[in-house]
Amino acid sequence: MSQNIYDNQAFFDGYARLPRSQFGLEAAPEWPAIQAMLPVLTGKRVLDLGCGYGWFCRRARAAGAAKVLGIDLSEKMLARARELTDDIDISYQRGDLEQLVLPSQAFDVVYSQLTLHYLPDIGPLFTSIHQALPPGGWFVFTVEHPIYTCSPRQAWLTDEEGQRSWPVNNYQNEGKRVSNWLADGVVKYHRTLSTTLNALIAAGFAIRHVNEWGPAAEQIEANPALAEEAERPMMVLFSAQRL
């Protein structure tokens, strides 16, 4: 089973204090870019993998989705999602994405936000998602960018002149990374950009768009703390379609 860090009380409490936990998708600066990559959701059957508090599940229904299923490994996350949701057409289910088996052509859109970097191998999940979509179905997801995840020490380095830089050593060395973010011992997995793209292709997807996300100038003006995100990509956004 994947590491269930979100049921760690210290991690969960820290996560609850993040702006995107308190205010939802509008507090995620990458959300406008994700929206531009999503298909029209009206009448669609939607699956959210790593649904967390269910923010996207509720947004999909507000956008006209017919049915939405959110899957997460964390019981604490699912409990919070259920507290925030009052809609019979949204359901939540506990599941380990490493072992996920989905029914054939049961969904029109599969979505995942900042979850898949917790998996040691994305190939089996991509194959499962592909067969769970009909021809023309969409898979839209975001992960931490491999430039962000590659170094064992994921932090800015400052030289003697005060110049900051982000380390990219170990980029080609894929595999487990352990960080102390919100709690000690958080396990994630680094893989190159080409590995993710080729896994999509191998599963039978056509890649429609890739966005190595960075903040727009107006976002930095409104929130100066985002300026450092323009120095190196922290996440990458993908949209793909079943052929």
Side-chain angles (χ1 to χ4, degrees), residues 5-6 11-41 46 48-63 65 68 70 72 74 77 80-81 84 109-118 138-151 154-157 164-168 177 179-183 186 188-191 193 196-197 207-240:
I5 193 64
Y6 285 83
F11 188 97
F12 183 80
D13 290 344
Y15 185 85
R17 291 191 289 270
L18 297 177
R20 66 178 66 216
S21 298
Q22 298 181 50
F23 307 111
L25 296 172
E26 303 304 333
E30 74 278 13
W31 174 241
I34 295 172
Q35 282 185 293
M37 298 167 68
L38 286 166
V40 174
L41 297 178
V46 176
D48 183 359
L49 299 176
C51 63
Y53 286 10
W55 291 111
F56 179 76
C57 295
R58 293 185 293 276
R59 178 60 66 93
R61 276 286 291 149
V68 183
D72 205 287
S74 166
M77 289 294 210
R80 183 63 177 142
L84 293 170
V109 179
V110 176
Y111 176 83
S112 183
Q113 188 169 354
L114 296 177
T115 297
L116 303 187
H117 46 254
Y118 292 111
W138 287 87
F139 178 29
V140 178
F141 67 100
T142 74
V143 293
E144 290 185 351
H145 197 289
I147 283 177
Y148 183 79
T149 62
C150 62
S151 177
Q154 295 171 9
W156 293 98
L157 302 177
R164 296 201 316 163
S165 60
W166 189 267
V168 293
R177 300 290 191 270
S179 65
N180 298 326
W181 178 66
L182 302 180
V186 179
K188 300 177 184 177
Y189 292 87
H190 165 71
R191 56 188 133 264
L193 187 60
T196 300
L197 293 170
I207 296 163
R208 299 306 187 199
H209 194 74
V210 178
N211 182 340
E212 297 177 281
W213 182 83
E218 57 269 23
Q219 290 181 300
I220 295 173
E221 184 177 357
N223 182 4
L226 287 175
E228 70 176 23
E229 305 304 338
E231 298 296 321
R232 56 93 180 91
M234 191 183 79
M235 64 187 77
V236 55
L237 289 49
F238 300 89
S239 69

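Numbers for residues simply follow the sequence, beginning at 1.
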Participant: Got a second to check how far His145's NE2 is from Trp213's CH2, nearest 0.5 Å?
Facilitator: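 The NE2 atom of His145 sits 12.5 Å away from the CH2 atom of Trp213.
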
Participant: Hey, are the side chains of His190 and Gln154 touching, using non-hydrogen atoms and a 4.5 Å cut-off?
Facilitator: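 Contact flag for His190/Gln154 side chains = no.
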
Participant: Within this structure, what is the OG-NE2 distance for the pair Ser239 and His209, rounded to the nearest 0.5 Å?
Facilitator: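 Spacing of OG (Ser239) from NE2 (His209) equals 6.5 Å.
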
Participant: State, to 0.1 Å, how close Cys51 and Cys57 come at their nearest heavy-atom pair, and which atoms those are.
Facilitator: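 Nearest pair, atom of Cys51 first, then Cys57: CB-SG, 4.1 Å.
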
Participant: Suppose we screen for side chain to side chain donor-acceptor pair (under 3.5 Å). Which residues come up paired with His117, at least two apart in sequence or across chains?
Facilitator: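 Testing His117 for side chain to side chain donor-acceptor pair (under 3.5 Å), a comparison that skips the adjacent residues, returns none.
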
Participant: Who are the side-chain contact (heavy atoms from CB on, under 4.5 Å) partners of Ala60, not counting sequence neighbours?
Facilitator: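 Checked Ala60 against side-chain contact (heavy atoms from CB on, under 4.5 Å); matches are Leu41, Val46, Phe56, Ala65, Val68.
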
Participant: Residues in side chain to side chain donor-acceptor pair (under 3.5 Å) with Ser151, at least two apart?
Facilitator: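 Ser151 satisfies side chain to side chain donor-acceptor pair (under 3.5 Å) with Asn169 once adjacent residues are dropped.
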
Participant: Restricting to pairs with a member in residues 217-239, which pass ring pair (Phe, Tyr, Trp, His ring centres under 6.0 Å), not counting sequence neighbours?
Facilitator: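 Non-adjacent pairs meeting ring pair (Phe, Tyr, Trp, His ring centres under 6.0 Å): Phe141-Phe238.
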
Participant: With sequence neighbours left out, write down each residue that passes salt bridge (charged side-chain N to carboxylate O under 4.0 Å, His left out) with Arg59, or none if nothing qualifies.
Facilitator: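 Testing Arg59 for salt bridge (charged side-chain N to carboxylate O under 4.0 Å, His left out), a comparison that skips the adjacent residues, returns Glu26.
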
Participant: Which residues pass the side-chain contact (heavy atoms from CB on, under 4.5 Å) test with Arg80, not counting sequence neighbours?
Facilitator: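 If we apply the side-chain contact (heavy atoms from CB on, under 4.5 Å) test to Arg80, skipping adjacent residues, the hits are Tyr53, Glu83, Leu84.
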
Participant: Could you tell me whether the side chain of Trp55 reaches within less than 4.5 Å of the side chain of Arg20, counting heavy atoms only?
Facilitator: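 Sidechains of Trp55 and Arg20: no contact.
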
Participant: Go through it in stages, so that I can follow the logic: the residues are Leu157 and Arg164, the test is side chain to side chain contact (heavy atoms under 4.5 Å, CB included), and I'd like the CA-CA distance, side-chain angles, deciding distance and then a yes or no.
Facilitator: CA-CA 5 Å; Leu157 302 177; Arg164 296 201 316 163; over 6 Å; no

Participant: Measure from the side-chain N and O atoms of Asp72 to the backbone N and O of Gly52, and report whether any donor-acceptor pair falls under 3.5 Å.
Facilitator: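 Pair found, side chain donor or acceptor close to backbone of Gly52.
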
Participant: Taking all non-hydrogen atoms of both residues into account, name the closest pair between Pro215 and Ala230 and its distance.
Facilitator: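 Closest pair (atom of Pro215, atom of Ala230, distance): CD-N, 3.8 Å.
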
Participant: What residues, two or more places apart in sequence or in another chain, satisfy side-chain contact (heavy atoms from CB on, under 4.5 Å) together with Val40?
Facilitator: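 With neighbours one apart ignored, the set is Thr42.
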
Participant: Rounded to the nearest 0.5 Å, what separation is found between the OH atom of Tyr15 and the CD atom of Gln22?
Facilitator: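 Rounded to the nearest 0.5 Å, the OH-CD separation comes out at 11.5 Å.
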
Participant: Less than 4.5 Å apart, any side-chain heavy atom of Leu237 and any of Val210?
Facilitator: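 Side chain of Leu237 against side chain of Val210, heavy atoms only: no contact under 4.5 Å found.
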
Participant: Check side chain to side chain donor-acceptor pair (under 3.5 Å) between Arg191 and all other residues, then give those that pass, not counting sequence neighbours.
Facilitator: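 In terms of side chain to side chain donor-acceptor pair (under 3.5 Å), with neighbours along the sequence ignored, Arg191 is linked to no residue.
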
Participant: Got a sec, which residues hit side-chain contact (heavy atoms from CB on, under 4.5 Å) with Glu231, two or more places apart in sequence or on another chain?
Facilitator: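 If we apply the side-chain contact (heavy atoms from CB on, under 4.5 Å) test to Glu231, skipping adjacent residues, the hits are Trp156.
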
Participant: Show the atom names and distances, to 0.1 Å, of all donor-acceptor pairs under 3.5 Å that link a side chain in residues 217-227 to residues at least two apart or in another chain.
Facilitator:
residue, atom, partner, partner atom, Å
Gln219, OE1, Ala216, N, 2.9
Gln219, NE2, Pro29, O, 2.8
Asn223, OD1, Ala225, N, 3.3

Participant: With heavy-atom distances below 4.5 Å as the criterion, would you say the side chains of Gln113 and Ile34 are in contact?
Facilitator: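 Sidechains of Ile34 and Gln113: in contact.
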
Participant: For Tyr148, give me all partners under ring pair (Phe, Tyr, Trp, His ring centres under 6.0 Å), at least two apart in sequence or on another chain.
Facilitator: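 Listed in chain order: Trp166.
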
Participant: Among residues at least two apart in sequence or on other chains, which ones pass side chain to side chain donor-acceptor pair (under 3.5 Å) with Glu144?
Facilitator: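 For Glu144, the residues satisfying side chain to side chain donor-acceptor pair (under 3.5 Å) (neighbours in sequence not counted) are Lys188.
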
Participant: Please determine whether side chain to side chain contact (heavy atoms under 4.5 Å, CB included) holds for the pair Leu193 and Glu212, giving the CA-CA distance in whole Å, both sets of side-chain angles, and the decisive distance to 0.1 Å.
Facilitator: CA-CA 10 Å; Leu193 187 60; Glu212 297 177 281; 3.8 Å; yes

Participant: Take Val186 and Tyr118, measure what side chain to side chain contact (heavy atoms under 4.5 Å, CB included) needs, and give me the verdict at the end.
Facilitator: CA-CA 9 Å; Val186 179; Tyr118 292 111; 4.2 Å; yes

Participant: Going from CG on Asp48 to OG1 on Thr115, what distance comes out if it is rounded to the nearest 0.5 angstrom?
Facilitator: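 Spacing of CG (Asp48) from OG1 (Thr115) equals 7.5 Å.
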
Participant: Cys150 and Pro167: which non-hydrogen atoms are nearest, and at how many Å?
Facilitator: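 Closest heavy-atom pair between Cys150 and Pro167: SG-O, 4.0 Å.
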
Participant: Answer whether the closest heavy-atom distance between the side chains of Thr142 and Val236 falls below 4.5 Å.
Facilitator: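 The answer is no, as the side chains (C-beta and beyond) never meet within the 4.5 Å cut-off.
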
